Structures are given as C-alpha cells and as structure tokens.
Amino acid sequence: MDRLRTYRITVVAWSLIAGLTATGWARVIYVDGASAVAGNGSSWTGAFVHLQDALAVADSGDEIRVAQGVYTPDRGIGIVPGDRDASFHLVSGVTLAGGYAGLVGDDPDERDVERYETILSGDLNGDDGEITDAYHLADSPSRSDNSVNVVVAEGVSASVLDGFTIRDGHSPDVTGGHATDGGGGLRIIGSSLAVRRCTFTRNWGPEGGAIFMRHARGDMETLSEIHDSKFLLNASGKYGGAIFAQGGRLALVDCELGMACSARGGAMYAESVDLSLSGCVIRENAAVDTGGGLYHVNGNLSVTDCDFAANTLQPQTAPGARSSGGAMAIYIASNYQVSVADCVFCDNWADRGGAISGNLSSVVRCRFSGNTAYQSGAAVYGSGGLSSEQCLFVGNRVLDDGVVIESRTPLLLTNTTIADNRTPNGSLFGAVGRAPASVVLRNSIVWDETPMFEDGRVSYMNVSVSYTNTLGGWPGEGNTDIDPLFAAPGYWDADEDVWVDGDYHLQSQAGRWDPVAQGWVQDDVTSPCIDAGDPTAPVGDEPSPNGGIVNLGAYGGTAEASKSWFDGPTLDLPSTVAR
C-alpha cells in the first residue's frame with residue numbers, strides 16, 4: 001500500500017500541478033463528488049471527483065474545498081475499493097474545508113456546513129443503517145468492513161480540518177494481524193492540527209471511538225485544538241468513548257460530547273496531557289467504573305464554563321469495587337494543577353463522587369445540583385484538600401448513609417451556598433485527614449436539614465464557622481440562624497426521584513438578578529444575608545447600591561449579588577449584569 005501510494009502521488013503530482021498553478025504558490029483545490037467528469041481540481045467545473053486525489057497533490061499553504069456529499073477513503077487513483085486500511089491522510093499546512101454547495105447549488109462557493117453537509121464516511125458499502133445507541137456500535141455485523149480510521153494525521157503540523165461530518169469509522173481490536181488503538185473517526189499521531197465545526201458520530205475503537213491522539217512520551221508541548229465541534233454516539237471498548245488523548249496538549253472550545261460510552265472515560269480519557277476545556281457540554285455519557293464524562297490522569301487540567309449533565313457510572317456489585325466520578329474523575333500527581341471554574345454539574349451518578357472524584361483542589365463559581373452517589377460524595381469525593389468559593393451545592397443526594405461532600409482536609413468553603421441536599425443517615429461534610437481535620441466555613445449559607453457533620457466526628461475536627469447562616473445555628477463570630485429568603489428554592493418532584501432546579505439568589509427590595517429574565521427585579525422583602533459577611537472581606541464585583549459588606553452565599557462578591565436595601569428609593573435597575 002505504501003509503494004502504491006508513493007507511486008500514485010508522484011504520477012498525479014507531476015501530471016496535475018501544471019494545470020493548477022506554479023509550484024510553491026498557495027492554491028485552492030476543488031473536490032465535488034457530483035461532478036460528471038473528473039477534472040484536475042483547478043475549479044468547480046474542473047473539480048476532482050475523489051478527495052484522495054486532491055490530497056495527493058496538495059502542498060503546504062493550499063486549501064482544499066469539498067462540496068456537499070459523501071466521500072469514502074477507498075476511492076481514488078491507485079486505491080482498491082473496499083480497502084479498510086485506506087484513510088484520508090492530512091497534509092502539513094493544508095486546510096481541508098467542507099460544507100460548500102458545489103455544482104448542485106446555485107452558487108458553488110456558498111458555504112454552510114449544516115445545510116451542505118460534507119460527510120467523510122467509513123461505511124464503505126453503505127449498509128450500516130441508523131444506530132441510535134452507542135452500545136450497539138461494537139457488535140453491529142454491518143460494520144466489520146468499515147474503515148479502520150476515516151482520517152489520519154501522522155507527523156503533520158498546522159493542518160486544518162474544517163466543516164465535516166466524520167462518521168462510521170470502526171477500529172477493531174485486531175485488523176490484518178495487528179493490534180489497533182482506536183480513533184475510528186480521526187487518528188492523530190505526533191501531529192498538531194486544528195479541527196473546526198466538525199461532527200463525529202457513530203465511530204468506534206478500542207481506545208477513543210471518534211479520536212485517538214498520541215504523542216511521544218514526555219511531549220507536553222505539541223498542541224491540537226478542537227473548536228465548535230460535536231461528538232455524538234461514539235464508543236470505545238476500553239478508554240474514551242469519544243476521545244482518547246495521550247501526551248501533548250489538547251484544547252476543546254465550545255464543543256459538545258454526548259451519548260458516548262466506554263469502560264472508563266465515557267466521553268473522554270486523557271493521560272499525561274495538558275488539557276483545556278472551555279464552553280463545552282458533556283452530557284448523557286456512560287462508563288463502567290470511572291469518569292462517566294471525563295477521566296483525567298496526570299497533566300494539567302483547566303475546565304471553564306462547561307456543563308456536565310446526566311453522565312453516569314454503573315453501580316459496582318463486586319466486594320470492595322466502587323465506581324467513581326459521575327461527571328469527572330481526576331487522578332494527578334502533586335506537580336500538576338487543576339482549575340475548575342464557572343461550571344455546572346447536574347444529574348450525574350456514581351457510587352462515589354456523583355459529580356467529581358479524585359484530586360480536585362478547588363472549584364470556583366460552580367453549581368452542583370441533582371447529583372447522586374449510591375454510597376458517598378454526592379457532589380464531591382475528593383482525595384485531596386478542597387477549596388470552594390462562590391459555589392452552589394443544592395439538591396444533591398446520597399442513597400446510602402454517606403456524605404454530600406467528602407474530602408481530605410483542609411476543607412475551605414467561602415461564599416458557598418449549601419441547601420436542600422439529602423442523605424438518609426449521613427451528613428453534609430465528611431472531612432478526612434490527619435488529626436485534627438480542618439474545616440473552615442466563611443461568608444456562607446448552609447440551609448439544609450441534613451446535619452453538617454456526624455456527631456461522633458466533630459470532636460476530632462478543627463471546625464471554624466464564621467459569618468455563616470446555618471439552619472439550627474452554629475457558634476462563631478457573625479453566625480446567624482434565619483431564613484435566607486432564596487428567590488425560588490429547588491425541590492424534588494412528586495416521585496422524590498428528580499431534582500427540579502431553583503434560583504438561590506437572595507431576595508431584595510433594591511434589586512435581585514433574575515437568571516431567566518436576564519435582568520434585575522425587585523422583591524417585596526430583603527434577605528438578612530445581604531451585607532452580612534465578614535466586614536474585612538472585599539465586596540468584589542457586587543453592584544451598587546451595596547453596603548460595603550459582602551453578601552453571604554454563592555453570589556456574594558459577584559456581579560450577581562443582590563443589592564442593598566436602605567429603606568428608601570432605589571437606583572434605576574440596569575437590564576443586564578456585568579460579566
């Protein structure tokens with residue numbers, strides 16, 4: 001195959017380059033499967049019919065424009081139809097762009113990646129049919145003749161893959177007598193590239209159903225970026241239902257990873273990778289025992305403005321076995337950093353750590369709601385000290401007698417709201433560490449019928465609670481026990497099985513931010529938790545009017561803090577909040 005491909009590239013390049021442009025100049029190369037006559041790629045009317053032929057003549061700086069339609073990698077000069085090992089090989093410095101109207105459109109240059117879907121398919125015989133459950137990808141008999149890897153980036157740099165649907169790749173455990181890793185949709189080996197506006201669906205592999213990425217051991221520099229892309233209905237047998245990454249750096253921005261499954265890392269598995277997730281949605285993924293959404297092992301991790309919803313792990317029945325991290329499982333050495341900020345974790349399930357388990361050092365401006373642990377750590381089951389600032393923990397539950405937040409100490413909670421959580425005979429906090437275990441609550445609201453600590457454990461802890469409103473009261477400076485007057489607390493449905501999210505902003509006659517209306521509203525009452533924090537703490541981004549003292553709870557010190565009421569006229573309320 002390598003000899004045939006080399007010969008094909010040589011022959012086609014020499015015969016076609018003259019018809020495209022002078023050597024060394026950036027070109028636009030056109031591909032349209034609807035073309036009646038195969039051309040040399042110099043225009044839409046003279047387009048290549050097969051994408052492989054365009055890739056064979058492309059050089060760095062070129063752009064390949066591909067019209068709507070379905071393209072399989074087993075078509076082109078020198079390629080045997082039905083060859084499972086044939087792939088679309090990316091070229092360094094070349095942009096591969098789909099979503100063009102092509103010859104069947106009124107304007108062939110019109111581009112809309114959704115309207116003019118350009119599909120790179122591994123279904124070589126066109127017989128896969130519809131699959132609505134990722135679990136069925138592994139055993140579907142019609143997929144045994146599909147492409148092992150639809151697209152491959154090996155040893156390339158500065159490549160761009162933009163505007164394609166990549167589907168139906170199937171990397172078996174063994175093909176042609178050789179073990180395979182995965183990446184049914186895209187296999188990345190020692191390469192840097194950008195993926196934009198692509199959809200990966202119905203891909204399968206032992207590791208990384210949609211994408212398999214591996215770099216040389218110790219390489220933490222090579223960067224690949226994935227923007228505005230979707231990963232739906234992908235699966236793997238071992239790690240990373242949608243994405244497997246090992247080594248290098250990987251950034252996902254505004255991506256969706258959903259309905260994937262794997263043994264570990266339902267949507268994604270990352271090992272020794274500097275990983276960044278921003279503006280992503282990770283939903284409805286499933287794993288057997290670790291990381292329903294994400295499983296991260298070593299490497300720095302930054303998760304910002306992401307939603308993790310309804311990711312699940314199977315409850316383990318073997319003695320001593322425990323599933324962990326319904327949304328995320330994080331296991332890193334002490335020399336790596338983890339940052340989780342402005343994220344939402346809702347309706348995730350696991351034995352331990354309904355939302356997160358592992359080495360989570362801090363969470364900032366995050367919401368944990370409706371998460372469930374069969375045993376303990378409905379929201380967090382941490383193996384290191386935990387710091388929470390401006391976070392919400394509401395409506396989380398433990399089905400056994402465990403705790404809602406379990407962590408090694410120190411456990412530091414500042415401007416945190418904890419309310420309406422459930423555990424049959426457990427407590428809100430389980431702090432594990434060398435005696436005395438250290439727990440600090442400050443400027444917070446703990447309005448929960450569940451006790452804060454197990455009675456027998458408090459005497460072994462160094463607990464400091466100050467400027468905090470707690471149901472039932474707690475000794476300490478500035479502490480209160482009075483209804484915080486939340487805007488609209490959440491609740492459990494009639495069957496006591498589904499948590500309905502609420503609004504935990506504090507009511508105010510001067511102005512309360514309404515996240516639904518995206519504007520300020522006025523209430524008939526004002527919460528006693530406004531201007532009730534530590535007088536020495538900064539008020540941060542609290543809007544005017546404020547009393548110069550930070551509010552209690554998750555929104556204290558933020559631009560969404562409820563305004564201070566001075567029993568008089570209020571200022572005009574702006575329609576938006578500063579972000």
Side-chain angles (χ1 to χ4, degrees), residues 322 324-326 345 348-358 360 363 366-388 391-466 468-476 479-481 484 489-492 496 499 504 552-554:
R322 302 289 184 268
S324 58
F345 300 87
N348 302 286
W349 289 68
D351 281 338
R352 292 178 173 175
I356 302 178
S357 71
L360 178 68
V363 287
C366 291
R367 182 185 187 103
F368 296 81
S369 65
N371 300 290
T372 300
Y374 296 102
Q375 296 178 341
S376 191
V380 175
Y381 188 85
S383 54
L386 175 67
S387 171
S388 165
C391 291
L392 274 165
F393 296 88
V394 295
N396 303 287
R397 63 177 179 173
V398 180
L399 300 182
D400 205 340
D401 295 339
V403 302
V404 175
I405 300 174
E406 184 163 350
S407 173
R408 292 190 177 275
T409 65
L411 183 60
L412 310 173
L413 300 109
T414 304
N415 278 107
T416 297
T417 295
I418 301 169
D420 303 317
N421 300 282
R422 291 185 173 185
T423 177
N425 296 298
S427 60
L428 292 176
F429 307 116
V432 182
R434 296 178 180 177
S438 175
V439 182
V440 176
L441 282 87
R442 179 169 172 255
N443 297 338
S444 296
I445 300 173
V446 183
W447 204 251
D448 210 306
E449 294 183 359
T450 300
M452 282 208 289
F453 304 99
E454 295 179 31
D455 292 340
R457 286 286 297 161
V458 175
S459 60
Y460 297 97
M461 296 181 183
N462 182 358
V463 179
S464 173
V465 181
S466 61
T468 294
N469 187 36
T470 62
L471 181 62
W474 197 274
N479 293 336
T480 55
D481 175 12
Y491 60 92
W492 294 92
E496 299 288 309
W499 170 255
Y504 288 84
L552 302 186

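Being a predicted model, the structure only gives us computed values, none of them experimental. Starting from 1, each residue takes its place in the sequence as its number.
Closest heavy-atom contact between Gly490 and Tyr504: N-OH, 3.0 Å. When all heavy atoms are compared, the tightest approach of Met461 to Val439 is SD-CG2, 4.4 Å. Of all the heavy atoms in Thr417 and Ala554, the pair that sits closest is OG1-N, 2.9 Å. The two atoms that bring Gly353 and Ala373 nearest to each other are N-CB, 4.5 Å, heavy atoms only. Nearest heavy atom pair, residue Asp401 against residue Pro424, reads OD1-CB, 3.7 Å. The shortest non-hydrogen separation linking Gly430 to Val403 is N-CG2, 3.7 Å.
Applying the side-chain contact (heavy atoms from CB on, under 4.5 Å) rule to Arg442 yields the partners Thr414, Ser466, Asp534, Thr536, Ala537; only residues at least two apart in sequence or on another chain are considered. With sequence neighbours left out, Ser444 forms a side chain to side chain donor-acceptor pair (under 3.5 Å) with no residue at all. Not a single ring pair (Phe, Tyr, Trp, His ring centres under 6.0 Å) links Trp447 to another residue, sequence neighbours left out. When the salt bridge (charged side-chain N to carboxylate O under 4.0 Å, His left out) test is applied to Arg322, no partner is found at least two apart in sequence or on another chain. With sequence neighbours excluded, the residues that form a salt bridge (charged side-chain N to carboxylate O under 4.0 Å, His left out) with Arg397 are Asp497. Residues satisfying the side-chain contact (heavy atoms from CB on, under 4.5 Å) criterion with Ser369, sequence neighbours excluded, are Cys346, Arg367, Val394, Trp499, Asp501.
Between the side chain of Asn371 and the main chain of Asn348, a donor-acceptor pair closer than 3.5 Å is present. Side chain of Asn479 to backbone of Trp474: a donor-acceptor contact under 3.5 angstrom is found. Here the side chain of Asn396 pairs no donor or acceptor atom with the backbone of Ala379 at under 3.5 angstrom.
Counting only heavy atoms from C-beta outward, the side chains of Phe429 and Ile418 approach each other to under 4.5 Å. A 4.5 Å side-chain heavy-atom check between Ser357 and Arg352 finds every atom pair outside the cut-off. At a threshold of 4.5 Å between non-hydrogen side-chain atoms, the residues Tyr381 and Ile356 do not count as touching. Residues Ile445 and Thr468 fail the side-chain proximity criterion, which asks for heavy atoms closer than 4.5 Å.
Rounding to the nearest 0.5 Å places OG1 of Thr480 at 6.5 Å from CG of Leu552. Put simply, CD on Glu406 and CG on Leu411 are 10.5 Å apart, with the number rounded to the nearest 0.5 Å. Distance check: Phe345 CZ to Phe368 CZ gives 5.0 Å after rounding to the nearest 0.5 Å.
Donor-acceptor pairing under 3.5 Å is lacking for the side chains of Ser438 and Thr409.
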